[in-house]
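To start, the structure under review is shown below, and the notes come after it.
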Amino acid sequence: MNATDSITELRGAVEGAARALRDGERTEPAPSLDRPPKPELGDYSSNAAMLLAGPLGDNPRAVAERLSEELRRELGGSGSVDRIEVAGPGFVNLFLADAWYRRALASLVAADDLGPAPTAAPERILVEGPSANPTGPLHVGGGRLAAYGDSVVRLLQAVGHEVEREYYVNDAGAQVGRFADSIAARMAGEEPPEDGYGGEYITELAQEIAAEGLDPADREAIGRRGIELMLAAVEATLVRFGVEIDVWTSEQALYDRGEVESALAKLDEGGHTYRSDDALWLRTTTFGDDKDRVLIKSNGEPTYLTADIAYHWDKLQRGFDRLVDVLGADHHGYVGRIRAAIAALGGDPEAFEAPIMNLVHVVEDGERVQMSKRSGDFVSLDELLDDIGVDASRWFMLWRGHETAVDLDLAVARSQSSDNPVYYVQYAHARIASILRKAGAAAEAAAAGPDPQAEAVLEPSEKALIKRLLEFPDEVRESAARRAPHRICAYSTAVAADFHAFYRDCQVVGAEGEGVERSRLALCLATKRTIAAALGLLGVSAPERM
RNA sequence: GCGCCCGUAGCUCAGCCGGAUAGAGCGUCGGUCUACGAAACCGAAGGUCACAGGUUCGAAUCCUGUCGGGCGCACCA
């Protein structure tokens with residue numbers, strides 16, 4: 001059962017009417033079916049007449065009149081519309097009958113899934129992130145990448161794609177050596193080297209590794225063990241944060257399996273490499289990069305890019321249709337390179353996309369706090385979770401577009417009050433739960449059953465709430481397609497606001513009138529499910545009580 | 001200098017593959033608990049959508065240019 005039949009009926013009628021005016025020809029783009037800015041302008045409106053005016057060579061208002069006639073004919077028998085009006089530059093405005101709303105509500109309650117119907121073109125998608133270096137704890141910036149990537153995965157799954165979460169572990173290269181040196185220095189009771197890692201967590205690692213009896217001189221063993229321990233900590237933080245990584249891929253393992261070498265060989269065979277200044281270069285400029293890139297440094301070592309090319313090739317070989325890398329703002333220059341390399345290897349560069357995440361600043365008392373005694377670096381995600389909890393953390397990392405830098409105000413995020421937008425939405429959910437408890441299990445079950453047809457007319461705020469709930473599938477589709485979880489935050493807030501308005505106007509438990517209580521309980525049920533589903537896409541909990 | 005992102009209410013930001021009188025939260029001012037949760041609701045004030053051109057029935061939205069801010073431009077990762 002699909003919950004959007006009511007909307008589909010209207011959209012189909014508008015498109016049908018538009019086609020009729022054009023002797024069966026489709027209109028591109030498809031006519032809109034929007035909610036007008038003012039209630040006086042109807043329940044839904046379409047710009048179809050304005051789109052048709054050009055092709056038909058007539059003025060929009062006249063086309064709108066003809067379109068209205070056609071629509072009246074199509075929808076007349078269903079009892080769905082009260083009236084149809086032409087307004088403004090040529091909008092066709094639909095005023096719907098209560099019967100339409102009652103059917104819509106019934107379909108919402110009966111639907112076993114409130115989300116969108118599965119896409120007709122499902123893809124296998126790999127979402128990679130946050131892939132923070134395993135030489136330190138996850139900090140708040142990494143948390144934003146994780147929250148975003150995870151929420152995008154949930155959105156993509158909700159529209160029917162097959163999606164995996166992957167974390168790429170940079171456990172090779174010079175940084176591992178510096179990491180090992182820093183731990184070894186602490187084990188010896190010395191300060192870490194100038195270019196090493198100075199955080200307090202290094203001291204803790206040193207104690208643990210020393211207790212395990214590792215030889216301070218064995219840098220390789222120390223580095224390996226340090227990264228193991230660090231990764232375990234990172235994973236624990238992610239799990240606590242609600243992010244379950246499906247696959248962990250080690251950079252070192254790519255070397256060990258010879259994948260870096262074979263990627264190099266393949267690039268070589270394709271004739272895309274050349275030697276210059278004792279280094280091996282990849283001619284990425286033939287694929288749109290603004291300069292060529294070094295694959296093997298003049299000292300004979302491969303660059304980070306080389307391993308990353310092998311990694312992306314590996315991902316494509318695993319059969320994914322699409323690779324999504326969630327990257328920090330400081331990596332945005334990287335996208336062109338990877339895309340060029342994929343093309344050089346004969347892959348489809350369009351299969352690769354990389355949403356760039358902007359910074360998150362933690363703000364306390366109007367000032368940005370970045371330093372932390374514990375981690376020696378940025379505020380760690382664990383500290384933030386200790387402070388404001390998972391729900392507020394995820395919300396505040398997601399509620400803005402990923403391309404804008406956000407200030408996360410600790411005082412606001414901490415407050416369990418109306419100042420805090422995440423509680424606003426959760427409160428609506430808890431309030432509904434409370435109403436349902438009041439109504440009792442029998443009443444709730446009755447509300448979920450077939451509609452005996454209430455007599456009373458629907459209040460405007462009831463209709464507004466039903467319309468809002470009907471938007472959910474489109475909102476999920478749009479948010480998934482645009483990789484934009486912040487839209488779900490905005491939508492959740494709108495549902496909560498519409499519910500509070502409904503609550504203000506309409507007594508639920510003990511409402512007067514035949515079938516009115518039942519009908520309003522049904523609306524409460526549908527709203528509660530919608531809020532829970534929306535918050536679920538964000539990884540935020542929907543509490544029964546708070 | 002080149003590339004990407006951003007410039008919308010006092011503040012933080014939505015809206016951006018064109019639609020009607022540009023929205024929300026916070027902040028400010030005022031009102032609402034003798035029915036189901038006041039963590040809520042209602043009202044008021046607050047805007048040259050950075051600027052200038054262009055495209056068209058229509059531009060915050062698309063194009064060009066200018067100004068301002070952020071980030072990147074490694075044989076680091």
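All chains are named by letter (A, B, ...) in the order of the sequence lines, taking the proteins before the strands, and each is independently numbered beginning at 1. Heavy-atom basis, side chains included; hydrogens, waters and symmetry copies ignored.
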### Task
Spell out yes or no: do the side chain of H331(A) and the base of G72(B) have one donor N/O and one acceptor N/O closer than 3.5 Å?
no
### Message
Between the base of C41(B) and the ring of Y503(A) - centre-to-centre under 5.5 Å, planes within under 30° - is that a stack?
### Response
no
### Message
On RNA chain B, does the nearest nucleotide to L305(A) precede the nearest nucleotide to S434(A) from the 5' side, or the other way round? Give the residue.
### Response
S434(A)
## Note on the structure
Checking C13(B), A77(B), A38(B) against the side chain of R400(A) (C-beta onward), the nearest is C13(B)
#### Entry: Distance under 6.0 Å and angle within 45° of ring axis: R431(A) vs Y503(A)
yes
### Query
Among A74(B), A40(B), C6(B), which nucleotide sits nearest the side chain of Y427(A)?
A40(B)
Which atoms of nucleotides 18-23 of chain B (N or O only) lie under 3.5 Å from a protein N or O atom, and what are those distances?
{"residue": "G19(B)", "atom": "N7", "partner": "N47(A)", "partner atom": "ND2", "Å": "3.4"}
{"residue": "A20(B)", "atom": "N6", "partner": "S45(A)", "partner atom": "OG", "Å": "2.8"}
{"residue": "A20(B)", "atom": "N6", "partner": "N93(A)", "partner atom": "OD1", "Å": "3.0"}
{"residue": "A20(B)", "atom": "N1", "partner": "N93(A)", "partner atom": "OD1", "Å": "3.4"}
{"residue": "A20(B)", "atom": "N1", "partner": "N93(A)", "partner atom": "ND2", "Å": "3.2"}

### Summary
Taking A74(B), C17(B), G15(B) as options, the one with an atom nearest any side-chain atom of E478(A) is C17(B)
### Message
Taking donor-acceptor contacts at under 3.5 Å, does the side chain of E403(A) reach the base of C71(B)?
### Response
no
### Query
How long is the line joining CZ of R178(A) and P of A77(B), in whole Å?
9 Å
### Task
Tell me yes or no: between the side chains of Q175(A) and Y304(A), is some donor less than 3.5 Å from an acceptor?
no
#### Entry: R482(A) side chain, from C-beta outward: closest of C6(B), A38(B), C16(B)
C16(B)
